[in-house]
Structures are given as structure tokens and as C-alpha cells.
There are 2 protein chains.
Amino acid sequence: MLRVMVVDDQALVRRGFALILDNEPDIQVAAEAANGIEAIEAAQAHQPDIILMDIRMPEMDGLEATARILEAGDATCRVIILTTFDPDEYVFRALRAGASGFVLKDIPPEALVEAVRTVAEGGAMLAPGITQRLISQFAQKLGAGRNLAERLERLTTRECEVLKAIADGKSNAEIAEALFIGPATVKTHVSSLLSKLELRDRAQAVVFAYECGLATVGERDVGF
Amino acid sequence: MLRVMVVDDQALVRRGFALILDNEPDIQVAAEAANGIEAIEAAQAHQPDIILMDIRMPEMDGLEATARILEAGDATCRVIILTTFDPDEYVFRALRAGASGFVLKDIPPEALVEAVRTVAEGGAMLAPGITQRLISQFAQKLGAGRNLAERLERLTTRECEVLKAIADGKSNAEIAEALFIGPATVKTHVSSLLSKLELRDRAQAVVFAYECGLATVGERDVGF
DNA sequence: GCGCATCTCCACCTTTTGGGGGAGGTCAGA
DNA sequence: TCTGACCTCCCCCAAAAGGTGGAGATGCGC
């Protein structure tokens, strides 16, 4: 039995969703809440499997509440954002907060039920248009450095290693140490790769490394 | 009327999907193809609205074919990848190729029909698990530079602008020109921001800018 | 008004970087 | 075998970068 919690500041909307879901044999509305604060408390108290969360609410909005509930971690629930609007800003904040779904309130009841089941099974459900935008963004990032990757192929193995080290923020001396070669050799490699890639200095080399995918955001701890 | 093309090397599978779709009053299977090469030709000849594309095929695989068809551009069709497997590699290549959907062959017939309609309307449809993974990846990138963004707040407006320019690969002289200030001033700002962010040189500053989201991949043309 | 942060610029200095050119060694392929 | 591509390291030099300290101007809030 799937235990669902519905969070919306409008009682009528809340009851509507609750009725739709309660109508399903395997779904049970275990709790309701009218704002973010209540939602956090209710989530703690009732430990639902799925939370349907509105965004616009008094006291605390749904995105903030989602972030806090999922941050707490002791609840293993998953959140579906259910809203009338879908500006990018909301979507990104929602995904970052950890939501597993983002659907618009104008969807047919069956789709809502389907979304709940999908998310409960470990999947995610986004409104089709949002999925589309997410894909576009993703494809853009993935495809960004194709022609740049060609330039990359002109480099020798060693030069590539040096470039990677540069993209790590290392100085020539540090690179030398890391690669077990002399500083002079590093300089040679750096000069060579800069010229091959038609770059002026190591700062541009770092940009190049990120743009062509040699370095990617989030794979390093920026402690330096 | 939605004109659909089905591409799969197994005739039985192909006919099965075609029958399911033809059964819908508003959908018509306009063409079929058994491999990537045929698919490209058939897409050219029949100009379908939607292409259901298998990945594993002789001659040319579905991802390659998708890329070529969408690259051609004169076709305004949209592609749904339909496969038995879903390794990340396939998914990323598919999205990069420009696919608007990625669903598994084990979905129920109604879901397939729904996917076709959704994509035809400009949306995108991914298998729930894939949506989930896409979201995770996205959230990771988005959330990567949170603690870094804090450090960013220590900077003044001007320092931020200089940092952005550094992340653009500009030299101090170029920054001076771009911001209409003297080179000496740029040096002051650079020194200040490096010290505030606890960085050593501009190369590390570039890394920092990318990691904290001040600069993002794909938003610049790397011509330098 | 006063303090404070910010933006602007200067001079002086050291370190790093990048370019040019050279040179020895290895190793694969013609 | 010899050529060519790599990797390694050297010297010298000029340019850029980065650090330190100082200074005038502005504007904002107490």
C-alpha cells in the first residue's frame, strides 16, 4: 500500500487530489498539509512514501519544504512537485531540492496516479515539456565540445596529461612533481600544447579543457 | 493524422509496433525500415512526423541513423529510441543525437501510443528510470558549487566581473579594455579576488569559475 | 561629519610563464 | 638502417602575472 501525503494550501485542491488517489485500491492518503511548515512536521509524523507538493504556499514554499524534508534523510520518501506554473527557475530548484517528479496540475487524474506509482517504483516523472527542456540542456552540454575534441586529438599522450593537470589548477612545478619529470620538460609540453591548440596561456587551456569535456564540473573537490 | 515510421531489423517486432499504432485512429504508419541506411532513405522519402528507432541493427545502428536524419534538418521529424537495453552510454548518445524519447520495449502498448502523441506535441518521453538518472546527473551539476558559491559572495561586483573575464580566458590587458579601466586596476582586482577565494593564479580562478557555476560549458564559442 | 567599503590607479619587486632554439634518448615503421 | 615522432632536459630571454604598499575619489550608512 502506497502511503501518500498531499500538500497544498487550498483545501479544495487538496481534497480533490486526495479523493482521486484514495480511489485507487493500492494508494492511501496518509496525511495532508496546508503549507511547508506543516508538511515538514507531517512528513516526520506520518512517514509517507510519496509527497505531492504544491510550490506556492504561505509560511514556507514547497521547494524549501522539499529540500528540508529530503535533507533530513530519516524519511525515505520521494517528492512530486505539483504546480500550475513551470518556469525554469522552479524546475531547477525542484530538481536540486531532490524532487523526483514535476508535473502540472492540468494533467488528467490517471496521469497523476501513474506518476505516483512510477515515482514509488524508483522512477521519475516530469511533464513532457520539461523533459524536453531537460534533454535540450543536457544535449547542449554533451555536444558542446565536438569540434574542440578534434583539436584535442592533435595532442600527444603526454601533452594531454599535462593539459589535464593544468585544468586541475596545477603550476608547472606541481605538474612536474605529479608526472615525475623535470620542470623544464613540463614547460616544453605546455608550450607545445598551447601552440597546437592555438591557445595563449594556461588560463585559456583550462577553459578549453572544460569546454571540450576533458574536465567536467563536479568531479573534483576544489580545495586546491 | 500522425505519420509514423518504424525502424527495427526484426520484421516481427516491426509489424507488432506498426499494428499497435495503426490501431489508433489518429496515427498512421507511413513507412518501415530494417536498418539505419534504409531508415535514412525512408525518412527522406516519406517525411514521417515521428520515427520509432531501434538501436541494435545491422548496417548502421539507430543512434547513428538518428543523428544523420536530424542533422539533415530538412526533415522536421522527431525520433523516439525504442530499445531493450538502456545503458547510460546509449542514452547519452541518443540524447546527443537529438532523440526526443527513449523508451524500453517492455512498456505496455498504451504507453507507446502515449509516447508517440507526447513527442508529436513537442514534449519528450523517457523511461521513468532514465528520467531519474537524468535528474540525478542534473542535480549533481546544479548542486556542485554550493559551498563555492558562498566564497563567491565575498567578492565585490567589480571583482566578480573580473573573475568572469578571467574565466573567459582574457589577459589583464584585455580585461582592462573590456571593462574600460586601467591595467593596473585589473591587477588590483585580480590580486584581491585571488586572495579572497584562496586561489593562487588565474588558471585556478578559471577552474573555480566553472566549478561554482559562474561559467558554464557551452555558453561561449571557444575561438579566443 | 566620519568611518568603511569600493573602485580607481601608481610604483617596485619577485616569481611564473611562455617562446626560441638546441640536444640526447627511445621506439616504431618505412 | 634511417627517418620521424615523442619524451626528456638544458639555456637564455622577454612578457605576464602576482604581491606589497600607498593613495585619491566616491558613495553609503551611522
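So that the names make sense, note that chain A is the first sequence line, chain B the second, and so on, each numbered from 1.
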Q.
Using a strict threshold of under 4.0 Å (side-chain N to carboxylate O), is an ion pair present between B:Arg15 and B:Glu32?
A. yes
Q | Check: B:Arg78 side chain, B:Ile50 main-chain N or O, donor-acceptor pair, under 3.5 Å | A | no
Q. For the pair made of CD1 in A:Ile175 and P in D:dT8, what is the distance, rounded to whole Å?
A. 13 Å
Q: Name the orientation class of the two ring planes belonging to A:Phe138 and B:Phe138 (parallel below 30°, tilted from 30 to 60°, perpendicular beyond 60°).
A: tilted
Q: Determine: side-chain N/O of B:Ser191 to OP1/OP2 of D:dG19, distance under 4.0 Å, yes or no.
A: yes
Q: Tell me, please, whether A:Phe85 has A:Arg56 positioned over its six-membered ring: NZ or CZ under 6.0 Å from the ring centre and within 45 degrees of its axis?
A: yes
Polar atom pairs (N or O), protein with nucleotides 9-16 of chain D, under 3.5 Å:
from: D:dC9; atom 1: OP2; to: A:Gly182; atom 2: N; distance (Å): 2.3
from: D:dC9; atom 1: OP2; to: A:Thr185; atom 2: OG1; distance (Å): 2.6
from: D:dC9; atom 1: O5'; to: A:Thr185; atom 2: OG1; distance (Å): 3.2
from: D:dC9; atom 1: N4; to: A:Thr188; atom 2: OG1; distance (Å): 3.1

(Q) Can you tell me which residue among A:Leu112, A:Val7, A:Ile55 is in a side chain to side chain contact (heavy atoms under 4.5 Å, CB included) with A:Leu82? (A) A:Leu112
Q | Interatomic distance, B:Leu163 CG vs D:dG18 P [rounded to whole Å] | A | 12 Å
Q. Which whole-number value in Å describes the distance from B:Leu193 CG to D:dG18 C1'?
A. 11 Å
Q: Using distance alone, with no hydrogens and no angle criterion, decide if B:Glu121 and B:Thr118 have a side-chain donor and acceptor under 3.5 Å apart.
A: no
Q: Over all heavy atoms of both residues, which pair between A:Ala65 and A:Gly36 is shortest? Give the atoms and the distance, please.
A: CB-CA, 3.7 Å
(Q) Any salt bridge linking A:Glu71 with A:Arg68? Criterion: basic side-chain nitrogen under 4.0 Å from a carboxylate oxygen. (A) no
(Q) Looking at A:Asp54 and A:Lys105, is there a salt bridge between them, counting it only when a charged N and a carboxylate O are closer than 4.0 Å? (A) yes
Q) Between residues 152-160 of chain B and DNA chain D, which residues have a heavy-atom gap below 4.0 Å? A) none
Q.
Using the rule side chain to side chain contact (heavy atoms under 4.5 Å, CB included), only one of A:Val103, A:Ile80, A:Asp49 pairs with A:Val116; which is it?
A. A:Ile80
Q | A:Leu152/A:Cys160 under side-chain contact (heavy atoms from CB on, under 4.5 Å): CA gap, chis, key distance, verdict | A | CA-CA 8 Å; A:Leu152 238 187; A:Cys160 249; 3.7 Å; yes
Q. First contact, last contact: which nucleotides of DNA chain C are these for chain B, 5' to 3', heavy-atom distance under 4.0 Å?
A. C:dT6 to C:dC10
Q. Rounded to the nearest Å, what distance is computed from the CG atom of residue B:Leu197 to the P atom of nucleotide D:dG18?
A. 13 Å
